[in-house]
Amino acid sequence: MAGPGGGSSDVQWCFSQVKGAIDDDVAEADIISTVEFNHTGELLATGDKGGRVVIFQQEPESKNQPQCRGEYNVYSTFQSHEPEFDYLKSLEIEEKINKIRWLPQKNAAQFLLSTNDKTIKLWKISERDKRPEGYNLKEEDGRYRDPNTVTALRVPIFRPMDLMVEASPRRVFANAHTYHINSIAVNSDYETYLSADDLRINLWHLEITDRSFNIVDIKPANMEELTEVITAAEFHPNQCNTFVYSSSKGTIRMCDMRASALCDKHAKMFEEPEDPNNRSFFSEIISSISDVKFSHSGRYMMTRDYLSVKIWDLNMETRPVETYQVHEYLRSKLCSLYENDCIFDKFECCWNGNDSVVMTGSYNNFFRMFDRGYRQDVTLEASRENSKPRSVLKPRKVSTGGKRKKDEISVDSLDFNKKILHTAWHPLDNIIAVATTNNLYIFQEKLN
Amino acid sequence: MSATTAMEVNVEARRILAVSISKLYASRTQRGGLRLHRSLLLSLVMRSARDIYHSSRESEESSGAHSAPEEPMDTSSSPGEQARLSEAQHEPQPALNSAELAPEEPDNAEDCCDSDITEDKENLSPTKQSRKRRGKASAAPDFLPSKRARLEPGEERYAAPVGSCRAGAGESLTTLSLNRVIPAF
């Protein structure tokens, strides 16, 4: 059965690669916490709970196999953040990488921003494939020569060496957030970026680390009056004065930085009235938005709450233009999901390159794609069982009624420990990266 | 609402309250410190559960059903609390002191308690005498007395007889100042 993708209705997805440990015993540090393609799609970065960043690079397409897109292999691995201790509050600061954002490439080196709960770092990833040889005063291993033995003068020359990829922290943006950072977003001016925590959003200049501007502050004078927190924030892809932030109440506010220095007053507020039929103990929790993403065009934005994905037209604030149910069968299970903490899971969502398909994760290592044009959706699974090279992924189905058909899986059999929270779509091609707990799956469009 | 349904809802609400409290309690010890978002969501659920618990008890009592042996619902004596709770429940409740509810902002509490004591001596319970100032960063959460066994989810605390100074589980849960859970930072 064909699946959605790339604007046509007949894209089929094949397994390409899986990265990570095979064994079922998951080390906590290996849990993947963020996945991000760079602007060309050549590089794919993942962050994990242990504070490490792993960057994969796509191999150039080989002439022998033009139908097969290049594989992603490890390009660089580095420890981005370490656990820290806040002595004043007696709190440990986790090293888990919450977000990675790539900067557009300006020269030979690559730059990315990575953040944990409190500190953002700008990393430079550069290649070294030559080294100077033939120094006058130094031996090849670096020891200084006895000056008396130097009898001739020569010019050192560069010789090729094995490729070495180095990551170095170029900027550290610290001490600007009292609460836990949930988002970072690079502005389209490529000079500034924002960082958002539960109650505040700060604007930074990439070159300046000792100052940031607070542009949103929703902290009430009396914390007892707190009713909502900021859950995600993003800059508009084209308009460098515009950004949005989502809240735990299910609203999205769009702000214009030209209006005032402090953007507490929104320019637009997007909110859908709640369906009174769906009220329950947990209505408020499931309406909390876990992710917000602008479309590449900048015309739409997508939000993810616990059960659905909504597409909003920026010109209409009253309701979304499209709503897709991700796993509506969970609505009757909210109480159990509350008890096992799954209701607090923060799913992300992403657009494909031409904004025709959106993707998000679910449980049982399922992930869902919604084709906006053809109004089709498909459920696929990331598992080692379907991991023969280039094997086509079979659509999965969860049975909601009484009768379970063959090949369907019942809601009660779903494994809620196997959740896909982070997914990413190559900006130009039909290549997707899907993170299970500790494995990264790469799927590609089947090419004939 | 029939008595049986009200009872079910009551039980469900209490269970959710118990689960929520244990989650809040557990979140204090997790790495990275208290998560504001999570704490807020937990307190919202607790508030809904508490409101439903109250209203279902109302309908239980009004329908004359035989309810579980528990003290009547109480509201906290501190005025701020009183105002908030009366928004949630319109019916007046008998006021038992919730001395367990030592507030996180000792200054306010001190002022409130002082005025209460002078005006409301009949409703004083011995525990109220001990107005030991607790710092904001105190280890024990204010809504759970420190010397009591931790509630496992689903467990019920046996209610103390009326007149005892120790508040029963029902009271602790319902007099919980949910808003005050948040500013633990």
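Chain A is the first sequence line, chain B the second, and so forth, proteins listed ahead of strands; every chain is numbered from 1.
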Atom group of [X] that falls short of 4.5 Å from chain B, counting heavy atoms:
{"X": "A:Thr231", "value": "side chain"}
{"X": "A:Asp341", "value": "both"}
{"X": "A:Ser90", "value": "neither"}
{"X": "A:Lys249", "value": "neither"}

task: Would you please name every residue forming a salt bridge (Lys or Arg N to Asp or Glu O under 4.0 Å) with A:Glu339, sequence neighbours left out?
output: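 Result, salt bridge (Lys or Arg N to Asp or Glu O under 4.0 Å) vs A:Glu339: B:Arg15.
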Kindly compute the distance separating [atom1] ([X]) from [atom2] ([Y]), expressed to the nearest 0.5 Å.
{"X": "A:Ser248", "Y": "B:Leu41", "atom1": "OG", "atom2": "CG", "answer": "6.0 Å"}
{"X": "B:His37", "Y": "A:Leu199", "atom1": "NE2", "atom2": "CG", "answer": "11.0 Å"}
{"X": "A:Thr227", "Y": "B:Leu44", "atom1": "OG1", "atom2": "CG", "answer": "8.5 Å"}
{"X": "A:Glu224", "Y": "B:Ser43", "atom1": "CD", "atom2": "OG", "answer": "11.5 Å"}

message: Any salt bridge linking A:Asp117 with B:Arg31? Criterion: basic side-chain nitrogen under 4.0 Å from a carboxylate oxygen.
response: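 No, this pair does not count.
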Does atom [atom1] of [X] have more than 12 heavy-atom neighbours from other groups under 6.0 Å away?
{"X": "A:Tyr87", "atom1": "OH", "value": "no"}
{"X": "A:Asn175", "atom1": "CG", "value": "no"}
{"X": "A:Glu28", "atom1": "CD", "value": "no"}

query: Does the side chain of A:Leu226 come within less than 4.5 Å of B:Leu36's, by heavy atoms?
result: yes
- prompt: With sequence neighbours left out, what residues match A:Phe344 under ring-ring contact (aromatic ring centres under 6.0 Å, His included)?
  reply: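 ring-ring contact (aromatic ring centres under 6.0 Å, His included) list for A:Phe344, sorted by chain: A:Tyr338.
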query: Any idea which heavy atoms bring A:Phe281 and B:Ala49 closest together, and the distance?
result: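 Answer, listing the atom of A:Phe281 first, then B:Ala49: CE2-CA, 3.3 Å.
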- request: Under the side-chain contact (heavy atoms from CB on, under 4.5 Å) rule, what do A:Glu284 and B:Leu40 come out as? Steps first, then yes or no, please.
  value: CA-CA 10 Å; A:Glu284 281 149 326; B:Leu40 180 67; over 6 Å; no
